[in-house]
Amino acid sequence: MSSAELPLARFLARCHSDFSKDDSGEVASYIPELSLANPADFGIAVTTVDGFVYEIGDSNVEFTIQSISKAFVFAVALETVGPDRVETVVGVEPSGDAFNSIRLRSDNRPFNPMVNAGAIACTSLICESEGDGAFTRLHDALSRFAGRRLDVDEATFKSERATGDRNRAIAYLLRNHGVLLGDVDQVLDVYFRQCALRVSARDLSVMAATLSHKGRNPLTGEQVVSSYAVARTLSVMTSSGMYDSAGRWVYRVGIPAKSGVGGGIVAALPSQLGLGTYSPRIDDQGNSVRGLRTCEALSTHYGLHMLNRVGDVRTCIAASYDVGSVSSRRNRRPREQAILEAHHAKCAIVELTGALSFANAEYISRRVRGLPPELAYLIVDLRRVPSVSEAALQLMADILDDLARAEVDVVFCGITKGTPVEAALGEWLLGKAGVRSIALLDEAIEWAEDRIIQSEAGALDVEKPTALSEQQLLAGLDPTALSALSELMTPHHYRVGERMILAGEQATTLLFVVSGVVSVRLPGGLRLATLSAGMAVGEMALLETTRSADVWADTAVACLELSLDAFASFRNLHPRACEHIMGNLARLLAKRLIIANTKIEVLASY
Ligand code: GLN
């Protein structure tokens with residue numbers, strides 16, 4: 001299926017064909033070079049936060065970014081000189097005036113960074129901090145937002161520099177009030193140049209999606225600015241991005257946006273999408289007519305208003321159970337199993353899913369509070385959690401402190417290196433008492449089970465040899481048959497890390513583990529089971545002659561090996577005993593099936 005057939009592509013194509021018919025508005029001409037734009041051009045692009053780009057119409061036609069640069073330069077200013085300094089030169093209140101208004105607040109600061117006065121003030125901060133490198137800094141940053149090197153339209157730059165007396169007046173006024181400290185011409189050169197950067201609707205959609213994605217460009221994966229700067233930028237875009245129609249914009253469209261007289265609009269809906277449009281016919285307020293209609297239609301059709309959010313916090317828990325219903329893949333000896341059955345409520349597992357925010361972390365805090373009082377180990381699986389917000393982190397810190405006081409050990413698993421979750425939690429976790437990280441959930445459960453068994457029965461003694469009569473497969477066998485069978489077995493020893501059985505090979509033996517620990521793994525490494533003394537491996541050879549998995553010695557292992565040929569001769573002499581062994585095998589398999597079914601049931605019931 002081509003991307004043109006995707007539902008959103010069809011919708012955007014409809015917008016494109018409907019609004020192409022709207023010829024209202026005029027191409028801006030107060031910067032002479034802008035009047036050369038083709039009034040018929042119309043491009044729409046949407047970039048999703050996972051980096052898929054929809055493009056309709058003239059989405060690759062380049063035009064100058066103009067005022068849209070203000071949003072990104074504000075973000076860069078916050079990053080470069082810090083919010084305190086930025087707030088000394090510019091406010092964050094909507095002005096209700098046109099973009100080129102010369103009016104300042106009563107404290108002589110510009111109203112906000114989205115009108116020319118405020119934007120020039122922000123650019124002057126970059127000049128103060130970067131000197132001659134100011135434009136390079138902005139050029140690099142905006143290019144990183146777009147995910148490609150943007151060019152400067154020299155003709156438009158010169159055209160505005162030659163005619164931009166109103167901006168010059170604003171800049172001198174700011175200098176008079178001590179808002180702009182540097183050289184007016186130098187600051188304006190940088191400002192006119194930033195406005196003359198060439199972008200396409202596609203570029204704008206990627207830039208917007210970078211804002212929607214907390215400052216990370218979804219195409220390049222680069223973190224361009226911090227999520228702090230993004231949240232502040234989206235705030236002023238919401239309240240002031242569309243000049244004097246800002247109130248109506250928030251009311252009707254409800255998506256943070258910024259327009260430019262070059263005919264572009266960016267709209268960024270956090271964690272959803274970035275929209276870029278280009279159509280050079282603009283209305284009296286300087287907003288692209290077709291662009292506005294596209295934003296409105298998209299918001300209305302899909303109900304995208306940013307305050308129109310629904311969500312069910314409960315979905316953040318993908319599964320919640322204890323070791324009684326889902327155990328690790330380590331098969332336990334009967335005595336150990338009995339301990340786990342008696343104390344299953346000591347270890348709870350909570351599998352989380354989705355981005356952790358304030359609301360779902362608060363819900364988790366209540367669920368944790370509701371766990372049984374005997375809880376000693378809590379395993380939190382973060383495999384399906386892509387991010388953890390600041391608020392969730394704070395709530396989690398309190399939950400962990402409460403658990404530490406209640407002497408509950410907490411194990412986090414599924415934290416992958418290099419992910420945002422690792423960045424948020426990695427170091428932080430190490431500093432918490434009673435908290436540890438284990439890569440795999442199964443290993444975390446095994447760790448907690450071991451601790452429960454140890455606290456009840458002392459150290460797990462994997463070295464101690466087991467008598468043949470203790471083998472599960474041979475349980476209840478009469479002594480004569482047992483000793484006849486033992487005559488047919490040969491002892492075998494394996495070193496730590498040695499492969500005992502190879503998947504795919506012809507099975508000719510079965511092995512009884514006398515001491516040590518072995519793991520059954522798929523050739524890719526995935527662990528199917530871990531077994532210890534008293535258990536048989538390769539016992540499926542009694543039913544199936546090809547080995548289905550590898551078996552590795554996790555410790556030094558002592559085994560008794562029984563060849564299938566020897567077993568066949570045993571069968572002739574002891575048919576009843578043999579029948580008994582097959583009965584045991586059937587019971588063990590049935591038990592495994594019941595355990596597997598319970599697991600599936602527990603995990604699927606969420
Ligand atoms: N460079 C333009 C100016 O300062 C930007 C204005 C705009 O796009 N609204 O006039």
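These numbers come from the heavy atoms of this one structure, side chains and all, not from hydrogens, waters or symmetry mates. Every number for a ligand or one of its atoms is a count from 1 in the order of the listing. Here, residue 1 is the first one in the sequence, and each next residue gets the next number.
Contacts of Glu160 with ligand 1, taken as heavy-atom pairs under 4.0 Å, involve the side chain alone. Heavy atoms of Ser67 found under 4.0 angstrom from ligand 1 belong to the backbone as well as the side chain. Under 4.0 angstrom from ligand 1, the non-hydrogen atoms of Asn167 all belong to its side chain.
Proximity to Cys195 (heavy-atom distance under 4.0 Å) selects the following atoms of ligand 1: 1 (N). Near Gly260, meaning under 4.0 Å from any of its heavy atoms, are these atoms of ligand 1: 8 (O). Remark: ligand 1 atoms within the under-4.0 Å shell around heavy atoms of Tyr30 are 2 (C), 3 (C), 5 (C), 6 (C), 10 (O).
Note: Phe63 and Tyr278 have parallel aromatic rings, judged against thresholds of 30 and 60 degrees for the angle between ring planes. Using the six-membered ring where Trp is involved, His139 and Phe135 have ring planes that are tilted, between 30° and 60° apart.
Between Asn116 and ligand 1 there is a heavy-atom distance shorter than 4.0 Å. Contact between Phe192 and ligand 1 is absent, with no heavy atom of the residue lying under 4.0 Å from the ligand.
Among the candidates Leu234, Val253, Ile255, Leu269, the single residue satisfying the side chain to side chain contact (heavy atoms under 4.5 Å, CB included) test with Met306 is Leu269.
Judged by the 6.0 Å and 45° rule, Arg168 forms no cation-pi pair with Tyr172.
Contacts of Phe157 classified as ring-ring contact (aromatic ring centres under 6.0 Å, His included), with partners at least two apart in sequence or in another chain: none. Ser387 is linked by a side chain to side chain contact (heavy atoms under 4.5 Å, CB included) to Ala355, counting only residues two or more places apart in sequence or in another chain.
When only modelled atom types and interatomic distance are considered, Thr123 and Gln194 share a side-chain donor-acceptor pair under 3.5 Å.
On a distance-only criterion, Gly262 and ligand 1 share no N/O pair closer than 3.5 Å.
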